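Accompanying notes for the structure given below.
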Amino acid sequence: TTPPVIKIPERYNAADDLIGRNLLAGRGGKTAYIDDAGSYTYDELALRVNRCASALRTTLGLQPKDRVLMCVLDGIDFPTAFLGAIKGGVVPIAINTLLTESDYEYMLTDSAARVAVVSKELLPLFAPMLGKVPTLERLVVAGGAGEDSLAALLATGSEQFEAAPTRPGDHCFWLYSSGSTGAPKGTVHIHSDLIHTAELYARPILGIREGDVVFSAAKLFFAYGLGNGLIFPLAVGATAVLMAERPTPAAVFERLRRRQPDIFYGVPTLYASMLANPDCPKEGELRLRACTSAGEALPEDVGRRWQARFGVDILDGIGSTEMLHIFLSNRAGDVHYGTSGKPVPGYRLRLIDEEGAEITTAGVAGELQISGPSSAVMYWNNPEKTAATFTGEWTRSGDKYLVNEEGYYVYAGRSDDMLKVSGIYVSPIEVESALIAHEAVLEAAVVGWEDEDHLIKPKAFVVLKPGYGAGEALRTDLKAHVKNLLAPYKYPRWIEFVDDLPKTATGKIQRFKLRSA
Ligand code: 3SK
């Protein structure tokens, strides 16, 4: 299939386009967002975005290309701050709301963001940063009502704001991406990336359209959620439902029943736990037209059970923070569960073997590399990792794939040791370091392990120091210890005590031997 032709003018501001196209199309009075507190028309969104752009530039004195960090729960303040910054030529950095104080300190320092917009629930983690991170001048509280609140800041801004005169290739926003070693990397996207994902994937493959109500359980701070709940609905003039709380099955069922979305976006762990929940809606209770899954491979059985229950397929696909959204996907009428489908037209994919040669034989796995117009341009402050990942036309994914005899792509693991847990990367090395910080632990190795739904979770193999006895109490203590040090979703679900760990002659842990144990 030929990809659509996407024409982007020489002067282009992504926020101005995503909002302006709806006003021009006469959708000002239509609901753009429904969050936990109310609903907002496209006109209201446009005014909030203008006020935010104006306040960031004039009240706070931010300059074009300055960074503003956002640690914001899903709700109207997210699109307001994200698009407001972009419209003002300021670069927003949307970060994971589930991390620790030290993760946040790192990101604030690395990005040198002058302002951070933070949900009031997360403020205790950020308050100590003022004074500690020298480049941070101001915290703005989303969801609050006081003088430091986003609401108060918006009140100082103007309802009219001429978009910053950006070009398609200017830095637009960042997301942080994690690797197996080293600190998270500020992944820099440019203005033209957003609309490319909407026009190449969301409109033709997902089939999103103006009349749709969409609901993403994946949060806006993930690249997957950002496309689902912000870029795609605004690109076509649809309505998006936002939910601040954790996407538990109960919270998701409530939104599905009350809001009756046409499109639901989830991740495999959530689909599996929804299907296993006694309150899962019955066939006929929902009017879903399309569902998507990404983040990790969707187990075949989960896809088939969902289809049998709701009469709608889950379109499993894969994307990345670096490519911004999905470049390989199943599509309606051509769903092959157990595969990630076929390339999205507009993206080229290739598989590379360990010698650097392209694989052309069906069934042989290699590293997946992608060429397409939504690729990030660099990792901030990180020339080495930039050069290793963005290799000219091709962006390396770190995922291994094979193409089966019928031409569908099948996931074959990672080329590094990274795990994807509920769609979020977890570095085994980080979890191992946390375990080793416990007084009883001599050595630790962490690998991905399949749970009963065939989904990957961290499992730890632990060698104890002399004098410490293995047992259930220590297991519980070690899990609590990791949850204390790291974002809680990273904790090992299983801990096995062993006498030693398999290692190479040079002392490197051979995690692959534990995976197959
Ligand atoms: O993990 C994925 O598959 C994904 C999909 C869309 C956008 C971003 C990511 C990481």
Side-chain angles (χ1 to χ4, degrees), residues 94-96 98 173-180 184-189 193-202 205-206 208 214 216-233 235 247 263-271 290-299 302-303 314-331 339-344 346-347 349 367-370 372-376 379 389 395-401 409-416 418-427 448 455-456 489:
I95 63 167
N96 188 334
L98 305 169
F173 70 97
W174 309 2
L175 300 170
Y176 269 92
S177 154
S178 8
S180 62
K185 297 155 291 187
T187 309
V188 180
H189 280 283
D193 290 349
L194 295 84
I195 201 63
H196 275 118
T197 63
E199 297 299 344
L200 295 179
Y201 166 72
I205 306 291
L206 175 59
I208 189 171
V214 307
S216 176
K219 300 295 182 190
L220 291 168
F221 66 75
F222 292 119
Y224 178 48
L226 186 71
N228 301 343
L230 193 149
I231 306 171
F232 304 161
I263 298 180
F264 172 65
Y265 314 89
V267 293
T269 319
L270 177 63
Y271 282 115
C291 296
T292 68
S293 179
E296 58 186 321
L298 180 77
V302 173
I314 301 177
L315 306 181
D316 187 21
I318 175 206
S320 67
T321 303
E322 287 72 9
M323 294 308 297
L324 187 53
H325 216 274
I326 290 175
F327 47 77
L328 173 59
S329 180
N330 280 278
R331 50 212 77 192
T339 81
S340 302
K342 291 187 171 170
V344 170
Y347 293 93
L349 269 49
E367 191 204 15
L368 180 69
Q369 303 190 352
I370 311 107
S374 59
S375 175
Y379 294 130
T389 300
T395 300
R396 298 179 61 182
S397 71
D399 286 318
K400 283 191 283 185
Y401 265 85
Y409 283 69
V410 180
Y411 182 64
R414 291 279 308 167
S415 9
D416 53 23
M418 290 297 277
L419 318 177
K420 269 258 178 118
V421 179
S422 305
I424 320 181
Y425 278 117
V426 174
S427 159
L455 292 162
I456 297 294
Y489 63 84

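Just so we're clear, the structure is a prediction, and the values are computed from it rather than from any experiment. Just so you know, ligand 1 is whichever comes first in the structure, and atom 1 is the first atom listed for that ligand.
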Practice item. Would you check if the side chain of Tyr411 reaches a backbone N or O of Ala297 as a donor-acceptor pair within less than 3.5 Å? Key: no

**Study point:** Within-shell test, Gly295 vs ligand 1, heavy atom, strictly < 4.0 Å
**Key:** yes

Review point. Any donor and acceptor pair, going by atom type alone, linking the side chain of Asp316 with main-chain N or O of Leu298 inside 3.5 Å?
Key: yes

**Study point:** Atoms of ligand 1 close to Thr321 [distance to a heavy atom under 4.0 angstrom, numbered from 1]
**Key:** 10 (C)

Review point. For Thr395 and Ser375, does a side-chain donor sit closer than 3.5 Å to a side-chain acceptor?
Key: yes

Study note, to complete from the structure: Nearest non-hydrogen protein atom to atom 10 (C) of ligand 1, with distance, is Ser320 CA, 3.5 Å

Practice item. Over 60° means perpendicular and under 30° means parallel, so classify the ring planes of His325 and Phe232, tilted if in between. Key: perpendicular

Review point. Are Lys420 and Tyr425 in a cation-pi setup, meaning NZ or CZ lies under 6.0 angstrom from the ring centre and within 45 degrees of the ring axis?
Key: yes

Practice item. Mark up the atoms of ligand 1 that fall under 4.0 Å of a heavy atom belonging to Ile318, in ascending order. Key: 3 (O)

**Study point:** Distance filter under 4.0 Å to Gly319 heavy atoms, resulting ligand 1 atoms
**Key:** 1 (O), 2 (C), 3 (O), 4 (C), 5 (C), 6 (C), 9 (C), 10 (C)

Review point. With a 4.5 Å limit on heavy-atom distance, are the side chains of Thr339 and Tyr409 in contact?
Key: no

Exercise for review: Taking only heavy atoms of His325 into account, list the atoms of ligand 1 that are under 4.0 Å away from them.
Suggested key: 6 (C), 7 (C)

Point to revise | Contact with ligand 1 for Leu324, non-hydrogen, under 4.0 angstrom | key: yes

Revision key, fill the gap. Atom 1 (O) of ligand 1: closest protein heavy atom, distance to 0.1 Å, is Lys420 NZ, 2.7 Å

